[in-house]
2 protein chains.
Amino acid sequence: MSEQTEPIRASGSVVLDETDRLLLAHLGRDGRASYADIGLLANLSATAVRRRIDRLRSRGVVRGFTVVLDPEVLGWQTEAFVEIYCRERTAPEEILASLRQFAEVVAAWTVTGDPDALVHLRAADTRHLEAVIERIRREPGVQRSRSSVVLSQLIG
Amino acid sequence: MSEQTEPIRASGSVVLDETDRLLLAHLGRDGRASYADIGLLANLSATAVRRRIDRLRSRGVVRGFTVVLDPEVLGWQTEAFVEIYCRERTAPEEILASLRQFAEVVAAWTVTGDPDALVHLRAADTRHLEAVIERIRREPGVQRSRSSVVLSQLIG
DNA sequence: ATTGAAACTCAGCATGT
DNA sequence: ACATGCTGAGTTTCAAT
């Protein structure tokens, strides 16, 4: 008989019931909400809420709590998303590999749908942003691109 | 919009002193830390800490608090981007506010260009993803949406 | 910054499934 | 066993000073 202190994590799939989802959704909206308040939403006592959240922590689902700061104040800069349309016989991976060199590229994904790839940019200002987008458009494998400047980050 | 009730924030003019940075750093690490605990770090009373944080909230520096989830533990590996087209006379902010309730919404931005907003989703699988997108499409202010499933994240 | 009242957290114990 | 509810002591919040 083996002693079991850690909950066994079935590879990658932790099961959440509907109540867990309610609690997490509420905590997502207000990470400092009291357990009693959260409980009102789910018809649970504060104790039950706390136990469920503790369990979610120990299972690693909840990594912690944090403050959400306004991107501008954080010193974040001008952001944009650029959809990349690849030229024939060009793999998006090739293009994105060459985009790696740009510090302005925060993230990039290959996607299904009309465009082949989506690139998340961050630049000092619109001038800087324009220059980066221009360089991306001039990449050999890029047929065309479509840009959206981020006005504000409302979630995330 | 008929009237502008919200003050327009002059860009990037908020100044934080060293104490503010200390408090925010601590709250970043533990968003549920008590004011007294935070105060120990900065040699402030709990009341003083609370007042500073309240001021940071009212200045818009602190947007709120939230829970940090571990997507991998949840087994949520399917990602997508959804472009939202708002119905007439509907502000994207309204829609995105209602999207806050979904734990599957990783991030959301209002953007320039054809769509009004861009939403980053993360779900367990395509089934799960489909359900979330379906719920988003049914939001009152949403006229139409266009989804791209993420094939792979190459940068970021 | 300090005070005091109300609210909250959190352990231990009890109950129902 | 397990998840929840209750109780009470200690802590934290919050408005007033």
Side-chain angles (χ1 to χ4, degrees), chain A residues 1-70 73, chain B residues 14-71 73-76 100-104 124 128:
Chain A
M1 240 185 289
S2 63
E3 209 171 323
Q4 180 180 322
T5 54
E6 292 273 331
I8 295 175
R9 176 150 69 236
S11 53
S13 63
V14 175
V15 183
L16 302 184
D17 63 13
E18 199 48 46
T19 306
D20 286 331
R21 288 181 196 285
L22 264 174
L23 306 188
L24 291 179
H26 196 269
L27 281 173
R29 263 175 275 126
D30 179 7
R32 279 182 87 89
S34 73
Y35 297 136
D37 275 354
I38 302 168
L40 288 178
L41 195 81
N43 287 325
L44 280 181
S45 71
T47 320
V49 171
R50 199 183 77 82
R51 292 229 180 86
R52 285 186 98 108
I53 293 173
D54 281 351
R55 215 165 57 239
L56 289 170
R57 280 194 94 130
S58 71
R59 284 197 283 171
V61 176
V62 168
R63 194 181 284 171
F65 297 87
T66 193
V67 61
V68 183
L69 300 178
D70 190 301
V73 178
Chain B
V14 177
V15 183
L16 303 183
D17 64 13
E18 200 48 47
T19 306
D20 285 332
R21 288 181 195 284
L22 263 174
L23 306 188
L24 291 178
H26 197 269
L27 279 173
R29 265 176 271 124
D30 179 8
R32 281 182 83 91
S34 73
Y35 297 137
D37 275 353
I38 301 167
L40 290 177
L41 195 79
N43 287 327
L44 281 179
S45 72
T47 325
V49 171
R50 199 181 81 82
R51 285 248 262 275
R52 284 187 98 104
I53 293 173
D54 280 351
R55 206 166 83 244
L56 289 170
R57 280 194 94 131
S58 70
R59 284 197 285 170
V61 178
V62 168
R63 192 178 279 178
F65 297 87
T66 193
V67 62
V68 182
L69 301 179
D70 190 327
V73 172
L74 284 171
W76 291 7
R100 248 178 212 291
Q101 65 183 302
F102 301 122
E104 293 87 353
H128 184 190

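Remember, predicted model here, so these are calculated numbers, not experimental data.
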Colleague: Whole Å only: how far is the OH atom of Y35(A) from the P atom of dC8(C)?
Modeller: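 The answer, rounded to whole Å, is 13 Å.
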Colleague: Which part of the nucleic acid, if any, lies within reach of R51(B) when heavy atoms closer than 4.0 Å are counted: base, sugar-phosphate only, or nothing?
Modeller: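 Answer is base: heavy atoms of R51(B) come under 4.0 Å of a base.
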Colleague: Atom CZ of R57(B) and atom P of dC14(D): how far apart are they, to the nearest Å?
Modeller: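 From R57(B) CZ to dC14(D) P: 10 Å.
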Colleague: Taking atom P of dT12(D) as reference, at what distance in whole Å does atom CG of D37(B) sit?
Modeller: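 Spelled out: CG on D37(B) to P on dT12(D) is 6 Å.
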Colleague: With sugar-phosphate meaning primed atoms plus P, OP1 and OP2, does S34(B) contact a base, only sugar-phosphate, or nothing at under 4.0 Å between heavy atoms?
Modeller: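 Contact class for S34(B): sugar-phosphate only.
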Colleague: For the side chain of R55(A), counting heavy atoms from C-beta on, which of dT2(C), dA3(D), dC8(C) is nearest?
Modeller: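 Comparing dT2(C), dA3(D), dC8(C) against the side chain of R55(A), the answer is dA3(D).
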Colleague: With heavy-atom distances below 4.5 Å as the criterion, would you say the side chains of L56(A) and L69(B) are in contact?
Modeller: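 A side-chain contact is absent here, since even the closest heavy-atom pair is not under 4.5 Å.
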Colleague: Rounding to an integer number of Å, can you tell me how far D20(A) CG sits from dC2(D) P?
Modeller: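 Rounding to the nearest Å, CG of D20(A) and P of dC2(D) are 16 Å apart.
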Colleague: Nearest-nucleotide wise, let me know which of A48(B) and R32(A) is further upstream toward the 5' end of DNA chain C.
Modeller: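 Nearest nucleotide further toward 5': that of A48(B).
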Colleague: Out of dT13(D), dT9(C), dA16(D), which nucleotide sits closest to the side chain of T47(B)?
Modeller: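 Closest nucleotide to the T47(B) side chain: dA16(D).
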Colleague: Starting at atom CZ of R50(B), determine the distance to atom C1' of dT2(C), rounded to an integer number of angstrom.
Modeller: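 Checked: the CZ to C1' distance equals 15 Å.
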Colleague: Over how many whole Å does the gap from D30(B) atom CG to dT9(C) atom C1' extend?
Modeller: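 The answer, rounded to whole Å, is 14 Å.
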Colleague: Over how many whole Å does the gap from N43(A) atom CG to dG5(D) atom C1' extend?
Modeller: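 One finds 14 Å between C1' of dG5(D) and CG of N43(A), rounded.
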Colleague: Does any part of the side chain of L44(A), heavy atoms only, come nearer than 4.5 Å to the side chain of R51(A), both counted from C-beta?
Modeller: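 Sidechains of L44(A) and R51(A): no contact.
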Colleague: Just the rounded figure in Å: distance from C1' of dC6(D) to CG of L44(A).
Modeller: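 Going from CG in L44(A) over to C1' in dC6(D) covers 14 Å.
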Colleague: Would a distance-only check, ignoring hydrogens and angles, find a side-chain to backbone donor-acceptor pair under 3.5 Å from R32(B) to G31(A)?
Modeller: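 Here the side-chain-to-backbone pair exists.
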Colleague: Would you mind reporting whether H26(A) and L22(A) have side-chain heavy atoms less than 4.5 Å apart?
Modeller: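 No; the side chains remain at least 4.5 Å from each other.
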